[in-house]
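Below is one structure; the comments refer to it alone.
Numbering starts at 1 and runs along the sequence shown.
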Amino acid sequence: MTPVGKTTVHRGRWTLEDRLELGLRELPFEVAPGTASVSVQLSFEGGVIDLGCHGPGGFRGWSGGARREFTIGGEWATPGYLPGEPEPGVWHVWLGLHRIPATGVPYEITVVTSPSPPPAPAETSWPAIPERAPVRDLPAPAGMRWLAGDLHSHTVHSDGTLTVPELACRAVERGLNFLAVTDHNTVSHHPELAATGARAGIVLVPGQEVTTDLGHANVFGDTGWVDFRKQSDEWVAFAGRHGGVISINHPLSGDCAWRRDLSAEARPRHAEIWHSSWWDRRWGAPLSWASLWRPDVVPLGGSDYHDPAQHKSLGEPTTWVLAEGDDVLGAIAAGRTAVTTGPGGDAPMLLRVDDELIALGADGTVLVRPDGSRLAVRGDHVRVPARAGGMHRLESHENEVIALCG
């Protein structure tokens with residue numbers, strides 16, 4: 001019989017050939033009945049190795065390159081991992097061979113199973129809930145309203161530095177009505193969102209950034225865990241079956257650019273056209289990508305906020321959704337979105353309400369329709385007919401994109 005308290009060690013050297021053959025490795029260990037905690041430590045020299053695990057019952061957590069150790073117990077787990085009694089049977093540590101130099105990477109994995117639960121972490125105090133910054137009052141049909149939000153953010157459950165309450169309070173301070181919390185390859189943050197949002201006064205949308213070396217996608221909604229190991233078509237199908245919305249993230253952002261195979265039939269309508277990495281919006285590549293992706297693309301925006309030290313701000317850019325009540329997910333799914341530089345002030349905006357476009361604070365800009373035709377905007381509250389089937393945008397006289405809408 002396997003003892004309840006046991007140490008398992010795996011060691012070796014990963015080579016570049018190993019990474020090319022199979023980028024995600026699974027190293028087994030046994031969990032005996034009566035085990036109350038599982039602790040894993042990873043050490044390696046050089047390169048980048050991601051960390052995660054699953055048990056006989058399925059996914060138990062992922063921290064990518066943000067951590068080199070984790071613990072799972074019945075009542076508590078390291079952020080990024082799912083608490084719950086460790087089920088008996090064969091578990092696997094996941095090692096993602098993210099960056100392996102030609103010289104290889106020596107590694108060691110130490111797994112300790114114990115009959116004792118992990119010590120409870122110290123209670124963390126809630127941050128003071130700030131006063132909400134004012135948000136613009138925008139024209140909307142009866143029974144609906146425009147909500148300001150950010151659709152891309154991270155916490156300590158992946159590679160962010162803020163807790164869920166800390167992040168929520170920063171979003172409130174910025175004047176946002178909603179925030180999607182999209183930690184990498186995990187849903188361990190989801191149980192915190194509803195209560196935290198209610199206390200802070202903001203809608204926290206459950207999300208997961210499905211993250212691979214060849215591209216990232218956000219899945220919005222309480223769908224359960226999306227298996228990043230599968231093909232992208234299966235991500236799309238899973239999101240659809242479970243009532244979620246999937247969006248391609250930052251398709252032209254450095255080494256995170258979208259390079260994954262995805263059938264034409266499975267291409268999602270939603271895409272994070274405006275990402276914080278699009279710092280020079282005279283650069284037309286994101287728009288060119290969108291026009292080639294599919295003609296009816298729904299533009300989204302996200303800050304990809306991780307850490308205050310990054311000098312990013314939540315809500316830059318801001319995604320606005322035309323919602324019934326607080327149904328942010330329903331508005332996104334319906335394609336009722338607009339994207340602007342931020343949530344406040346009097347920056348130009350372009351909104352679509354039914355079959356009409358409304359340009360606000362946009363005097364002297366240029367409206368670009370889906371077919372490429374252009375119209376000079378004269379006045380600070382201009383209404384014109386919308387064109388079917390595509391994305392509209394406002395540009396400055398220097399061809400800088402200053403607003404998008406579906």
Distance-only polar pair, side chains of His242 and Thr223, donor-acceptor under 3.5 Å: no
Ion pair Asp233/Arg267, N-O distance below 4.0 Å: no
Donor-acceptor contact below 3.5 Å, side chain Asp307 vs main chain Gln310: no
Side chain proximity check, Pro286 to Pro251, heavy atoms < 4.5 angstrom: no
Test item: Trp258 and Ser253 side chains (from C-beta on) under 4.5 Å apart, heavy atoms: no
Glu400 atom CD, neighbour heavy-atom count above 12 within 6.0 Å: yes
Heavy-atom side-chain contact between Phe220 and Thr182 under 4.5 Å: yes
Backbone N/O of Glu316 and side chain of Ser313: donor-acceptor pair under 3.5 Å: no
Within 6.0 Å of CG in Asp280, more than 12 heavy atoms from elsewhere: yes
Closest contact, heavy atoms only, Pro121 versus Trp76: CG-NE1, 3.2 Å
Salt bridge Asp371-Arg369, side-chain N to carboxylate O under 4.0 Å: no
Under-4.0 Å salt bridge between Arg281 and Glu395: no
Separation of Asp363 CG from Asp380 CG (nearest 0.5 Å): 5.0 Å
Polar side chain donor-acceptor pair, His154 to Asp304, under 3.5 angstrom: yes
Side chain to side chain, Val40 and Val38, heavy atoms closer than 4.5 Å: yes
Side-chain donor or acceptor of Arg132 paired with backbone N/O of Gly201 under 3.5 Å: yes
Main-chain N/O of Gly342 paired to Arg174 side chain as donor or acceptor, under 3.5 Å: no
Flag, side chain of Thr78 to backbone of Thr71, donor-acceptor distance under 3.5 Å: yes
Evaluation steps, side chain to side chain contact (heavy atoms under 4.5 Å, CB included), between Trp91 and Thr113: CA-CA 11 Å; Trp91 287 49; Thr113 60; over 6 Å; no
Shortest non-hydrogen contact from Leu176 toward Ile202: O-CD1, 3.7 Å
Ser43 and Arg68 side chains, donor-acceptor separation under 3.5 Å: no
Exceeds 12 heavy-atom contacts within 6.0 angstrom, atom CZ of Arg241: yes
Test item: side-chain donor near acceptor, His216 and Glu209, under 3.5 Å: yes
side-chain hydrogen bond (donor to acceptor under 3.5 Å, both in side chains) against Trp235, all qualifying residues, sequence neighbours excluded: none
Test side chain to side chain contact (heavy atoms under 4.5 Å, CB included) applied to His92 - qualifying residues, sequence neighbours left out: Glu26, Pro28, His54, Val90
More than 12 heavy atoms of other groups within 6.0 Å of Glu108 CD: yes
Side chains of Asp255 and Arg99 in contact at under 4.5 Å (non-hydrogen atoms): yes
Rounded distance (nearest 0.5 Å) linking atom CG of Leu350 with atom OG1 of Thr365: 8.5 Å
Any donor-acceptor pair under 3.5 Å from Glu356 side chain to Arg352 backbone: no
Sidechain N-carboxylate O distance under 4.0 Å for Arg60, Glu87: yes
Phe228/Trp62 aromatic ring centres below 6.0 Å: yes
Gln208 and His189 side chains, donor-acceptor separation under 3.5 Å: no
Smallest separation among heavy atoms of Pro117 and Ala36, with atom names: N-CB, 3.6 Å
Pair Ser247-Asn218, side-chain donor/acceptor within less than 3.5 Å: no
Donor-acceptor pair between His275 and Ser277 side chains, under 3.5 angstrom: yes
Steps toward side chain to side chain contact (heavy atoms under 4.5 Å, CB included) verdict (Asp50, Trp94): CA-CA 8 Å; Asp50 293 335; Trp94 287 344; over 6 Å; no
Donor-acceptor contact below 3.5 Å, side chain Arg294 vs main chain Ser291: no
From Cys405 atom SG to Met391 atom CE, the distance as rounded to the nearest 0.5 Å: 9.5 Å
Between Asp150 and Ser153: side-chain donor-acceptor atoms closer than 3.5 Å: no
Trp320 and Thr340: side chain donor to acceptor below 3.5 Å: yes
Phe59 to Val187 - nearest heavy-atom pair and separation: CE2-N, 4.5 Å
Nearest heavy-atom neighbours spanning Pro88 and Pro56: O-CG, 3.5 Å
Donor-acceptor pair, side chain of Thr15 and main chain of Asp18, under 3.5 angstrom: yes
Ile273 side chain near Val339 side chain, heavy-atom distance below 4.5 Å: no
Steps toward side chain to side chain contact (heavy atoms under 4.5 Å, CB included) verdict (His190, Asp222): CA-CA 8 Å; His190 285 195; Asp222 192 12; 3.9 Å; yes
Aromatic centroids of Phe238 and Trp225 separated by under 6.0 Å: no
Audit row: Thr211, His184, side chain to side chain donor-acceptor pair (under 3.5 Å) steps and yes/no: CA-CA 6 Å; Thr211 305; His184 297 282; 2.8 Å; yes
Stepwise side chain to side chain contact (heavy atoms under 4.5 Å, CB included) test for Val236 and Leu262: CA-CA 9 Å; Val236 176; Leu262 186 60; 4.1 Å; yes
Arg145 bridged to Asp326 by N-O distance under 4.0 Å: yes
Test side-chain hydrogen bond (donor to acceptor under 3.5 Å, both in side chains) applied to Trp146 - qualifying residues, sequence neighbours left out: none
Distance in Å, Ser303 OG paired with Lys312 NZ, rounded so as to fall on 0.5 Å steps: 7.0 Å
Side-chain (Thr196) to main-chain (Leu193) donor-acceptor, under 3.5 angstrom: no
N/O donor-acceptor pair under 3.5 Å between Trp274 side chain and Val401 backbone: no
Least distance between heavy atoms, Pro139 atom then Ile358 atom: CG-CD1, 3.9 Å
From Leu167 atom CG to Leu162 atom CG, the distance as rounded to the nearest 0.5 Å: 6.0 Å
SB check Asp213 Arg19 (cutoff 4.0 Å): yes
OG1-CZ distance between Thr337 and Arg269, expressed to the nearest 0.5 angstrom: 9.0 Å
